[in-house]
Protein chains: 2
Amino acid sequence: MKELVSRCPIEEVMQVLGGRWPTLLIYYLQDGTKRFSDLRRDNPTISHKMLALELRKLEEVGIVQRTEFGGYPLRVEYDLTPAGQRLVPLIDALGDWWDDVAGANEESRPAGTERAAMS
Amino acid sequence: MKELVSRCPIEEVMQVLGGRWPTLLIYYLQDGTKRFSDLRRDNPTISHKMLALELRKLEEVGIVQRTEFGGYPLRVEYDLTPAGQRLVPLIDALGDWWDDVAGANEESRPAGTERAAMS
DNA sequence: TCATGGTTACAAAAAGGTGCGTAATTTACC
DNA sequence: GGTAAATTACGCACCTTTTTGTAACCATGA
């Protein structure tokens, strides 16, 4: 039973942004409007179900805007809301921080674990 | 043990900071040096297993410094490393962002503002 | 028949909790 | 004097809960 609505905003953010996909989806949505299938192409390892779930979650908390166009095949577009866009630099800052830390760690770590930058 | 080598720093940060505990522990460690039992007191709902696991993880990535003092009963102290301290304002910024979003969501939301439909 | 954006059911995997064991020394007790 | 309990920071095994993956199904216009 989880009825613990946390007293801490940070705990709440992490409930939304933690996990593997949310920040990635936000990252890809920076480029502009994306459709369901676009996002799957951007991130081929996410399952159909997860993508639907995560998008719904992001929509519910107001990070993502879902726009449904009539007609068939159904067409749906996803964008970052203004709130979502305000989030982007914060996430980027975390990425930069991590690069810093990882860079420092690499000096004392055996080779073999390399990372490549995203395009 | 699984070694997920991701292409994206953000994905990696989230693997470390995502989840329920890491940010909370960092939050409490802002106050200064803490011992294992202090952290359990700060956060009574974490199990000793989880606390140990999370602390080790944070130590491994260089956010937390673990200092073991000899003697018995064993005594261990935890602090934020400089990198960990640099992380704090970033986490705080996320918290502020969330307060913003949550505040906006709670406020009046007249029907019809959200769903956009085009034909 | 295919494509799009879903949903649902079932299965597998990961995360998390509980409780016991451990170490070396002090203190508490018979 | 000898023994037992308590202390601190975990590790480990076992079990439950939560999350995620897989695959199948839906609607329908072209």
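In what follows, every heavy atom counts, from backbone to side chain, and hydrogens, waters and symmetry copies are set aside. In what follows, chains carry the letters A, B, and so on, assigned in the order in which the sequence lines appear, proteins first and then strands, with residues in each chain numbered from 1.
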> Taking side-chain contact (heavy atoms from CB on, under 4.5 Å) as the test, write out the residues that go with A/Val61, two or more places apart.
A/Val16, A/Ile63, B/Trp98

> Can you confirm whether A/Val88 sits close enough to A/Asp92 that some side-chain heavy atom of one is under 4.5 Å from a side-chain heavy atom of the other?
yes

> Which residues pass the salt bridge (Lys or Arg N to Asp or Glu O under 4.0 Å) test with B/Asp38, not counting sequence neighbours?
B/Arg41

> For nucleotides 3-9 of chain D, give me every protein contact, N/O to N/O, under 3.5 Å, one pair per line with atom names.
{"from": "D/dT8", "atom 1": "O4'", "to": "B/Leu74", "atom 2": "O", "distance (Å)": "3.4"}
{"from": "D/dT8", "atom 1": "O3'", "to": "B/Arg35", "atom 2": "NH2", "distance (Å)": "3.2"}
{"from": "D/dT8", "atom 1": "O3'", "to": "B/Leu74", "atom 2": "O", "distance (Å)": "3.0"}
{"from": "D/dA9", "atom 1": "OP1", "to": "B/Arg35", "atom 2": "NE", "distance (Å)": "2.9"}
{"from": "D/dA9", "atom 1": "OP1", "to": "B/Arg35", "atom 2": "NH2", "distance (Å)": "3.2"}
{"from": "D/dA9", "atom 1": "OP1", "to": "B/Val76", "atom 2": "N", "distance (Å)": "3.4"}
{"from": "D/dA9", "atom 1": "OP1", "to": "B/Val76", "atom 2": "O", "distance (Å)": "3.3"}
{"from": "D/dA9", "atom 1": "OP2", "to": "B/Ser37", "atom 2": "N", "distance (Å)": "3.3"}
{"from": "D/dA9", "atom 1": "OP2", "to": "B/Ser37", "atom 2": "OG", "distance (Å)": "3.2"}

> Test side-chain contact (heavy atoms from CB on, under 4.5 Å) on B/Ile26 and B/Val64 and set out the steps.
CA-CA 8 Å; B/Ile26 292 167; B/Val64 160; 5.5 Å; no

> Between the protein and nucleotides 20-26 of chain D, list the N/O to N/O atom pairs that are separated by less than 3.5 angstrom.
{"from": "D/dG21", "atom 1": "OP2", "to": "A/Ser47", "atom 2": "OG", "distance (Å)": "3.2"}
{"from": "D/dG21", "atom 1": "N7", "to": "A/Lys49", "atom 2": "NZ", "distance (Å)": "3.3"}
{"from": "D/dG21", "atom 1": "O6", "to": "A/Lys49", "atom 2": "NZ", "distance (Å)": "2.4"}

> Identify, residue by residue, the members of residues 57-65 of chain B with a heavy atom below 4.0 Å from DNA chain D, and return them in order of residue number, or none.
none

> Side-chain contact test, heavy atoms from C-beta onward, threshold under 4.5 Å: evaluate it for B/Leu24 versus B/Ile46 and give yes or no.
no

> Quick one: A/Leu55 CG to C/dT4 P, roughly how many Å, whole number?
16 Å

> Take the protein atom CG of B/Leu51 and the nucleotide atom P of C/dT18, then report the distance between them rounded to whole Å.
14 Å

> Counting N and O atoms only, with roles assigned by atom type, does the side chain of B/Thr81 sit under 3.5 Å from a partner on the main chain of B/Gln65, one being a donor and the other an acceptor?
no

> Are A/Glu54 and A/Arg56 ion-paired here, with the side-chain N under 4.0 Å from a carboxylate O?
no

> For the side chain of B/Arg66 and the backbone of B/Val76, is there at least one donor-acceptor N/O pair under 3.5 Å apart?
no

> Rounded to whole angstrom units, what separation is found between the CD atom of A/Glu68 and the P atom of D/dA27?
16 Å

> List, one per line, each side-chain donor-acceptor pair under 3.5 Å for residues 29-37 of chain A, sequence neighbours excluded.
{"from": "A/Gln30", "atom 1": "NE2", "to": "A/Tyr27", "atom 2": "O", "distance (Å)": "3.3"}
{"from": "A/Thr33", "atom 1": "OG1", "to": "A/Asp79", "atom 2": "OD1", "distance (Å)": "2.4"}
{"from": "A/Lys34", "atom 1": "NZ", "to": "A/Asp42", "atom 2": "OD2", "distance (Å)": "2.7"}

> For B/Arg56, report the nucleic acid contact type (base, sugar-phosphate, nothing); a contact means any heavy atom under 4.0 Å.
sugar-phosphate

> Show the numbers, then the answer: is there a salt bridge (charged side-chain N to carboxylate O under 4.0 Å, His left out) between A/Glu60 and A/Lys57?
CA-CA 5 Å; A/Glu60 266 167 27; A/Lys57 193 175 71 177; over 6 Å; no

